[in-house]
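Everything on this sheet refers to the single structure shown next.
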Amino acid sequence: MRYLLSSLIVIFFVSCTSYPKKNGYSEINLTQQTITNPYFSNISKDYVYKANIEAFGNSFGGIFIVKKLGEDHHRIAFTTEMGNKIFDFTFQGEDFKVNYILKRMDKKVLINILKNDFGVLIRQHLSTEKAFRKESNIIYKTKIGNKKYYHLLSEERLEKVIRAGRGKEKVEFTFSEIKDNIARHIQILHKNFDLKIVLKAI
C-alpha cells in the first residue's frame, strides 16, 4: 500500500512538471515582457502556400492564403488548386468569422480547432509569463485565449510553438526554411488526435 501511494505521488509530480523543465530547460529571469511572431505580419504581402490538411481520415490539398488587412486583422482562405473555396475565415482582434466552409468540414469541433491553430499562426505580439533556457534556445511561456503555449526561439528566431498540458505536447507548430521573416515551411501537428497541416510557400 505504501509503495502504491509513493508511486502515485511520483506520477503526480512528474505529470505536473512543466513542458520546458521536462525537456531539460532551466527557468531564467524574464527580461522580455513581450515577444513578436514576425510571420504573416506584413500588410503589403499576400502569403501563399501549397497546403495539405489531413483531418479525421480525410485529406484536403490546395492553396492556403493569408492576408493581413490591419492591426490584429487577417483573412485566411483555403481553396482547391482550381480556385474553389474550401474555407474562408476572418480574424479581427478577438472576433472570428466563418465566411465560408465546405459542407463536409462544417463541424463545430473542427472549426474551433482551425480557429485556435490559425490564431496562433497570426498572433503577432504575445505577452510572456516565464522564460526558460537550454544552450542557445529560449522558451517563453505565453497564453492565447485560455490555453498555455511555449514559444521556442533559437538565436532570437521563432522556430517552434508548443501547446502543452500537464507537461505533454498537445499541438506542435514548426517553422523552417526561414528567410526575410517568412517561414517557407510550416507544420501543425496534433499529438492527441488525427490532424496534420503542412504548408509550403509558393
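Predicted model, so just to flag it, every value in this text is computed and none were measured. One-based numbering along the sequence shown.
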_Ring geometry between Tyr49 and Phe64 (parallel below 30°, tilted from 30 to 60°, perpendicular above 60°)_ = perpendicular
*Output the distance between atom CD (Gln187) and atom CZ (Phe173), rounded to the nearest 0.5 Å.*
11.0 Å
*asked:* Can you tell me which residue among Phe91, Phe87, Tyr39 is in a ring-ring contact (aromatic ring centres under 6.0 Å, His included) with Phe118?
replied: Phe87
*Partner of Glu172 under salt bridge (charged side-chain N to carboxylate O under 4.0 Å, His left out), chosen from Lys160, Arg163, Lys196*: Lys160
*May I ask whether Tyr25 and Leu30 are part of the same hydrophobic cluster, defined by side-chain heavy atoms of I, L, V, M, F, W, Y residues being less than 4.5 angstrom apart, directly or through others?*
no
*Answer yes if the side chains of Asn84 and Thr79 hold a donor-acceptor pair under 3.5 Å, and no otherwise.*
no
*side chain to side chain contact (heavy atoms under 4.5 Å, CB included) between Ile35 and Thr142, intermediate numbers included*: CA-CA 9 Å; Ile35 56 170; Thr142 64; 4.2 Å; yes
*For side chain to side chain contact (heavy atoms under 4.5 Å, CB included), just list the numbers for Tyr100 and Lys85, CA-CA rounded to whole Å, side-chain angles, deciding distance to a tenth of an Å, and then say yes or no.*
CA-CA 8 Å; Tyr100 175 84; Lys85 278 188 186 179; 3.7 Å; yes
*Drop me the distance from Glu27's CD to Lys130's NZ, to the nearest 0.5 angstrom.*
5.0 Å
_From CA spacing to verdict: side-chain hydrogen bond (donor to acceptor under 3.5 Å, both in side chains), Asp117, His190_ = CA-CA 10 Å; Asp117 286 355; His190 285 255; 2.7 Å; yes
*Below 6.0 angstrom between ring centroids: does that apply to Phe132 and Tyr19?*
no
_More than 12 heavy atoms of other residues, nucleotides or ligands under 6.0 Å from NZ of Lys191: yes or no?_
yes
*Decide if the gap between the ring center of Phe89 and the ring center of Phe96 is smaller than 6.0 angstrom.*
yes
_Donor-acceptor contact below 3.5 Å, side chain Asn37 vs main chain Leu121_ = yes
*Pair His125-Thr34, side-chain donor/acceptor within less than 3.5 Å*: no
*Between OG1 on residue Thr128 and CD on residue Gln33, distance to nearest 0.5 Å*: 5.0 Å
_Using only atom types and a distance under 3.5 Å, with no angle test, would you say the side chain of Asp194 pairs donor to acceptor with the backbone of Gly57?_
yes
*Derivation of the side chain to side chain contact (heavy atoms under 4.5 Å, CB included) call for Leu126 and His151*: CA-CA 10 Å; Leu126 300 117; His151 285 64; 3.7 Å; yes
*asked:* Please determine whether the number of non-hydrogen atoms from other residues, nucleotides or ligands lying under 6.0 Å from atom NZ of Lys67 exceeds 12.
replied: yes
*Can Ile188 be reached from Tyr47 by stepping across I, L, V, M, F, W or Y side chains whose heavy atoms are under 4.5 Å apart?*
yes
_The test is side chain to side chain contact (heavy atoms under 4.5 Å, CB included); show your working for Leu152 and Val161 and say whether it passes._
CA-CA 6 Å; Leu152 187 153; Val161 180; over 6 Å; no
*Answer yes when Arg157 and Glu159 have at least one side-chain N-carboxylate O distance shorter than 4.0 Å, and no when they do not.*
yes
*Identify the two heavy atoms, one from Asn23 and one from Lys134, that lie closest to each other, and give their separation to 0.1 Å.*
O-NZ, 2.9 Å
_Does Glu81 form a salt bridge (Lys or Arg N to Asp or Glu O under 4.0 Å) with Lys50? I'd like the steps, not just the answer._
CA-CA 9 Å; Glu81 293 192 7; Lys50 191 167 184 177; 3.6 Å; yes
*So, Gln124 and Lys68: side-chain donor and acceptor under 3.5 Å apart, yes or no?*
yes
*Joint cluster assignment, Ile86 & Phe56, ILVMFWY side-chain distance < 4.5 Å*: yes
*asked:* Within a 6.0 Å radius of atom CG on Asn192, are there more than 12 heavy atoms belonging to other residues, nucleotides or ligands?
replied: yes
*Val171 and Leu153: same hydrophobic cluster, using ILVMFWY side-chain contacts below 4.5 Å?*
yes
_Is there a continuous path of hydrophobic side-chain contacts, each under 4.5 Å between heavy atoms, that joins Ile182 to Ile197?_
yes
